[in-house]
Amino acid sequence: MNCFINKLKKALLLQVNFISSFYLWAVATLLCSAPMSSRPQYKFLKPGEASFSSDRSDADPTSCSSFIYNPNNKLPLDRQRQRLPIYAVKKHMLFLLERCQTLVIEGETGSGKSTQIPQYLLESGWCTEGMVGVTQPRRVACTSLASRVAEEQDCLLGTLVGYTIRFDDNTTPGQTKLKYMTEALLVREMMGDPLLRQYSVLMLDEVHERTLYTDILLGLLKKVLKRRKDLRVIICSATIDVHDMLHFFNFNKTADKSKDTAAVLSVTGRTFPVDVHYLQEACADYVKESARTVTAVHKTQPPGDVLVFLTGVEEVTQCVELIIQHLNTKNDNTGSMRGASVLPMHGSLSTSEQLRVFQSVGAGTRKIVVATNIAETSITIPGIVYVVDCGFMKLRVYSKSSASSNKEALTEGLSIVTTSKASATQRAGRAGRTRPGKVYRLYEESEYAALPDATPPEMLRTNLSPAVLNLLALGIDNMLRFEFPSPPPASHLKAALEELFAIGAITEGVALTQPLGQRMAEMPVPPQLAKMLLVSGEYGCREEIATVAAMLQVQSVLVTPHANAHNARKMHAKFQVEEGDLLTLLNVYVAWEREQRCKRWCGRHFVNHKSLNRASEIKSRILSLLDKWDVTNDQDIHQTTGGSSISSMRVRRCITAGLFCNAAYLHHSGQYRTVRSNTTLAIHPSSVLYTLQQPKWLVYNEVLHTNRAYMRDLTTIEEDWLTEIAPHFFQRRRVTDD
DNA sequence: GAGCACTGC
């Protein structure tokens with residue numbers, strides 16, 4: 001502790017009191033540390049005109065998407081089902097499931113596993129005692145798979161076959177036997193039913209994606225399997241990690257194979273061969289090289305649409321412009337020209353702009369889609385024959401801040417890294433869905449061999465406090481003994497435990513506090529925001545905080561179109577207040593409601609209508625939870641205040657109660673430093689405080705690492721509030737050294 | 001003094 005204090009420099013500072021969290025630290029350091037994922041470096045060779053090597057046909061377009069190309073869609077449904085590759089192994093699968101608790105199915109796109117396996121289980125009596133639950137990482141997959149299966153079973157969706165995603169439960173209790181759901185939702189269900197008694201079989205689909213919730217579920221199900229010998233678990237994954245999964249779930253530690261509790265079954269897919277082309281010499285600029293390659297494909301290759309993978313919005317925009325230049329003809333605003341239509345595709349586009357890539361561009365015209373990673377798993381564009389893969393992607397990383405600080409701080413950020421072999425294969429597979437295709441990889445063949453096999457699981461790359469809170473609520477109070485499929489580094493767990501302790505979610509003994517911690521776990525928002533919501537009654541600003549929390553859950557409420565940035569900024573200025581971004585967001589929401597949620601008003605003010613509607617849904621869900629727990633505005637506060645400035649202060653004090661760990665002050669050097677670790681951080685240019693007067697003290701909602709470490713979603717606060725609201729965390733001291 | 005890939009409760 002003394003040593004820690006000595007490290008701080010000059011002036012009057014607030015300091016973190018780590019005395020109470022020392023125990024947590026001791027617990028956390030006991031946890032075994034996992035090897036950090038190595039981040040491969042991609043080296044560019046000298047610039048120059050590069051050419052592609054000759055055709056090769058060794059592509060293995062393994063991909064597992066919920067959108068399945070169906071070459072038999074003119075046949076009757078039962079004939080279609082029998083033609084799927086999975087049908088050939090149906091009996092073997094059912095036999096293995098009788099014998100083993102866990103079945104790992106290695107299956108490729110178009111094998112029919114996601115739709116057929118649940119029906120085989122239904123038909124062979126696995127649903128008499130309980131349901132078959134199928135998890136998916138994404139919501140659209142749940143809804144589309146459920147409707148397909150309902151159609152094949154000739155039943156109304158929501159009866160025998162149903163789905164459950166957030167805000168949308170389309171099942172009938174007692175009647176629904178096949179239930180598709182998101183992974184996160186099954187984790188929620190386990191809070192009420194830890195042994196999942198209503199399920200006889202659980203099937204986890206797309207496990208190779210290794211989302212945070214996939215890993216949580218894998219660990220939890222392993223525990224449940226030990227307690228419930230009647231339960232069966234089916235793991236569907238791509239080739240890459242089948243043996244890891246088998247090893248993870250096989251409880252047989254003897255050499256006697258007949259005692260194995262897990263088995264593997266392989267199913268071939270139904271995709272077309274994809275020719276792989278590599279550069280013979282590395283390129284200096286993959287954006288320019290992509291545009292050059294697309295142009296060459298358009299001029300020399302037979303008809304067929306093109307999909308380009310780049311890493312970010314800016315690259316996509318630049319590449320679209322370059323391609324249009326290269327194709328060198330007048331283009332109208334639609335991007336159409338001489339037999340080609342060039343379209344961008346990324347998450348920040350509006351729905352209507354995104355829909356354009358699915359629309360037909362007409363016979364004789366080649367569609368060229370330039371996309372981010374959104375096209376790798378989340379969406380499938382039909383008709384793609386050529387893929388151009390730059391070999392890079394943006395990936396969330398969670399690591400020690402490289403910014404100048406005298407104490408380690410873990411922060412989240414995005415980095416551009418090379419893709420993995422699995423990811424390169426997935427991208428290539430996008431070219432072979434309807435007929436044989438070609439992929440152009442903008443790197444050398446030797447570079448491919450150097451790629452990591454798979455992208456590291458999200459569990460190793462993210463802030464763990466939400467996950468740890470979830471596990472605690474599920475009764476996993478000993479992280480030491482929890483079997484993570486990929487154990488996260490001890491430092492990440494330590495940081496999560498410290499944060500949860502600071503906001504009062506857990507005790508020094510790492511137990512969930514009652515009722516605060518328990519309720520925070522049930523809140524569908526990150527722990528710090530949950531804290532803010534649960535104490536909002538005490539500050540008399542329940543409605544306002546519910547709005548702020550909901551607005552922080554949706555992306556891009558304020559839109560700034562490239563072409564109309566000036567006007568957008570002018571309109572956005574109407575909502576801006578010097579108290580910061582969270583109160584600005586509150587203003588936007590209030591204004592939207594005042595205008596009767598008018599869509600045209602949104603357009604005029606460059607506000608995303610879809611996002612606001614979603615925020616409204618989340619807000620209602622939050623408010624109903626607060627009602628359930630009797631979190632209501634304190635009457636005394638309500639009566640004695642009324643003015644808007646006082647109201648703003650109440651809201652900001654309540655925000656401080658949730659985000660006090662993220663406090664920063666304006667150092668005399670003119671830079672902001674965090675109170676917790678004295679890390680230098682800058683105000684992000686998207687913040688309203690970027691142009692307004694810089695406050696002495698503020699709290700931020702998140703840190704974004706790009707070239708520098710930026711704080712986003714800011715709120716101005718008073719220094720005194722910190723010691724007042726979180727006395728356990730802050731101590732006022734005068735530090736005189738240095 | 002710039003610029004966030006994608007999910008999910």
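Throughout, a chain's letter reflects where its sequence line sits, starting with A, and its residues are numbered from 1.
Here Y710(A) lies in heavy-atom contact (under 4.0 Å) with sugar-phosphate atoms only. At the heavy-atom level, E315(A) lies nowhere under 4.0 Å from the strands shown. Contact annotation for I165(A): backbone-only contact, meaning every heavy-atom pair under 4.0 Å involves sugar-phosphate atoms and none involves a base. V313(A) comes within 4.0 angstrom of sugar-phosphate atoms only, judged by non-hydrogen atoms across all strands, and of no base. Contacts of Q553(A) with the nucleic acid, taken as non-hydrogen atoms under 4.0 Å apart, include base atoms. Residue R712(A) is classed as a base contact, given a heavy-atom separation below 4.0 Å to a base.
In this structure, the CG atom of L704(A) is 14 Å from the P atom of dC6(B), given to the nearest Å. Here dA2(B) presents its C1' atom at 16 Å from CG of L681(A), a figure rounded to the nearest Å. Regarding Y163(A), its OH atom lies at a distance of 16 Å from the C1' atom of dC9(B), rounded to whole Å. One can place OH of Y213(A) at 19 Å from P of dC6(B), the figure rounded to the nearest angstrom. What separates CE of M711(A) from C1' of dA2(B) is a distance of 14 Å, to the nearest Å. Distance, Q518(A) CD to dC9(B) C1': 15 Å, rounded to whole Å. Between L471(A) atom CG and dC9(B) atom P the separation is 18 Å, expressed in whole Å. Remark: P of dC6(B) and CD1 of I379(A) are 10 Å apart, rounded to the nearest angstrom.
Candidate nucleotides dC6(B), dC4(B), dG1(B) were compared by shortest atom distance to the side chain of Y690(A), and dG1(B) ranks first. In this structure, the nucleotide among dC4(B), dG1(B), dC9(B) sitting nearest to the side chain of L185(A) is dC9(B).
The residue among P526(A) and K394(A) whose nearest nucleotide of DNA chain B lies closer to the 5′ end is K394(A). Residue-to-nucleotide proximity on DNA chain B shows that, of R396(A) and P524(A), the 5′-proximal contact is made by R396(A).
The base of dC9(B) has none of its N or O atoms less than 3.5 Å from a complementary donor or acceptor on the side chain of E189(A). Taking 3.5 Å as the limit, the base of dC6(B) and the side chain of E376(A) contain no donor-acceptor pair of atoms between them. For a distance-only test at 3.5 Å, the side chain of R139(A) fails to qualify as a donor-acceptor partner of the base of dC9(B).
For the OP1/OP2 pair of dC9(B) and a distance below 4.0 Å, the side-chain nitrogens and oxygens of T182(A) include at least one atom meeting the criterion. Phosphate contact (OP1/OP2 of dC6(B), side-chain N/O of T372(A), threshold under 4.0 Å): present.
Under a 4.0 Å N-O distance rule, the pair E458(A)/R461(A) does not qualify as a salt bridge. Contact check on D205(A) versus K113(A) returns a salt bridge, with a Lys/Arg side-chain nitrogen under 4.0 Å from an Asp/Glu carboxylate oxygen. R188(A) and E522(A) are not joined by a salt bridge, as no carboxylate oxygen comes within less than 4.0 angstrom of a charged side-chain nitrogen.
None of S611(A), P526(A), P524(A) except one satisfies the side-chain contact (heavy atoms from CB on, under 4.5 Å) rule with Q553(A); the exception is P526(A).
Aromatic rings from Y286(A) and F392(A) are positioned such that their centres are separated by under 6.0 Å.
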Stepwise side-chain contact (heavy atoms from CB on, under 4.5 Å) check, E617(A) with R166(A): CA-CA 10 Å; E617(A) 275 186 331; R166(A) 173 151 79 153; over 6 Å; no

